[in-house]
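This report concerns only the one structure given below.
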Amino acid sequence: MKRILSFTLWIAAMVVMASCSSGSGSTPGKALGKYVDELKSGNYENFVEGFALEEGIPAEQAQQQKAMLASLVGEKASQEYEKKGGLKGFEIVSEEIAEDGNSAVVTFKLQFGDGTDSEDTQKMVKRDGKWLMDADK
């Protein structure tokens with residue numbers, strides 16, 4: 001849970017709000033772009049649906065965690081918009097998919113309105129044929 005909160009705060013702090021292609025999510029980068037689009041649109045509940053929570057937890061507990069995460073992201077996102085002058089660009093730098101095809105690392109770059117930029121990585125995992133953000137980053 002602590003890792004999920006840390007990751008959520010990191011995402012909110014980075015204000016991953018981009019205009020990346022939202023495609024079908026058939027690649028890890030496209031899936032990340034779709035989640036970023038949800039964040040950009042203020043659809044925080046849809047954004048957190050992109051988190052791969054701990055497997056095996058009861059559905060009710062998973063929904064509670066997602067509701068809490070959506071609330072945290074929503075609170076932090078608007079504050080970070082103002083601090084960074086909004087997000088001016090987002091690009092996928094690379095995707096490295098594991099040999100088994102069930103995990104990947106996506107490197108992405110953000111450019112903010114205040115002239116700063118940031119490059120980081122996001123681990124992705126494939127569950128039930130869908131790419132999700134690994135909350136353990």
Q: Look only at the side chain of Glu38 and the backbone of Asn46, and say whether a donor-acceptor pair between them is shorter than 3.5 Å.
A: no
Q | Working for side chain to side chain contact (heavy atoms under 4.5 Å, CB included), residues Leu132 and Tyr35 | A | CA-CA 9 Å; Leu132 300 170; Tyr35 302 133; 3.4 Å; yes
Q. Which atom names give the shortest non-hydrogen contact between Trp131 and Ala31, and what distance separates them?
A. CB-CB, 3.5 Å
Q) Atom CE of Met68 and atom CD of Gln63: how far apart are they, to the nearest 0.5 Å? A) 12.5 Å
**Q.** Rounded distance (nearest 0.5 Å) linking atom CE of Met124 with atom CG of Leu32
**A.** 5.0 Å
Q: Answer yes when Lys66 and Glu49 have at least one side-chain N-carboxylate O distance shorter than 4.0 Å, and no when they do not.
A: yes
Q: Please tell me if the side chains of Arg127 and Glu55 come closer than 4.5 Å, counting only heavy atoms from C-beta onward.
A: yes
Q: Output the distance between atom NZ (Lys76) and atom OH (Tyr44), rounded to the nearest 0.5 Å.
A: 13.0 Å
Distance-only criterion, 3.5 Å: show the donor-acceptor pairs between side-chain atoms of residues 103-113 and protein atoms not counting sequence neighbours.
unit_1: Thr107; atom_1: OG1; unit_2: Ser94; atom_2: OG; d: 3.4

Q.
I want to check something: taking the side chain as every heavy atom from C-beta on, are Val73 and Phe47 in contact at a cut-off of under 4.5 Å?
A. yes
(Q) Among residues at least two apart in sequence or on other chains, which ones pass side-chain hydrogen bond (donor to acceptor under 3.5 Å, both in side chains) with Glu96? (A) none
Q) Once you round to the nearest 0.5 Å, how far does CG of Leu53 lie from CE of Met133? A) 10.0 Å
Q.
Could you check whether any side-chain heavy atom of Lys84 comes within less than 4.5 Å of a side-chain heavy atom of Thr116, counting everything from C-beta outward?
A. yes
**Q.** 4.5 Å side-chain heavy-atom contact, Gln65 and Gln61
**A.** yes
Q. What pairs with Asp117 under side-chain hydrogen bond (donor to acceptor under 3.5 Å, both in side chains), at least two apart in sequence or on another chain?
A. none
**Q.** Same apolar cluster (I L V M F W Y, side chains within < 4.5 Å links), Leu69/Ile57
**A.** yes
Q: Look up atom CG in Asp134 and atom NZ in Lys123, then write down how far apart they are to the nearest 0.5 Å.
A: 6.0 Å
Q | Under 3.5 Å donor-acceptor, Ser41 side chain and Asp37 backbone | A | yes
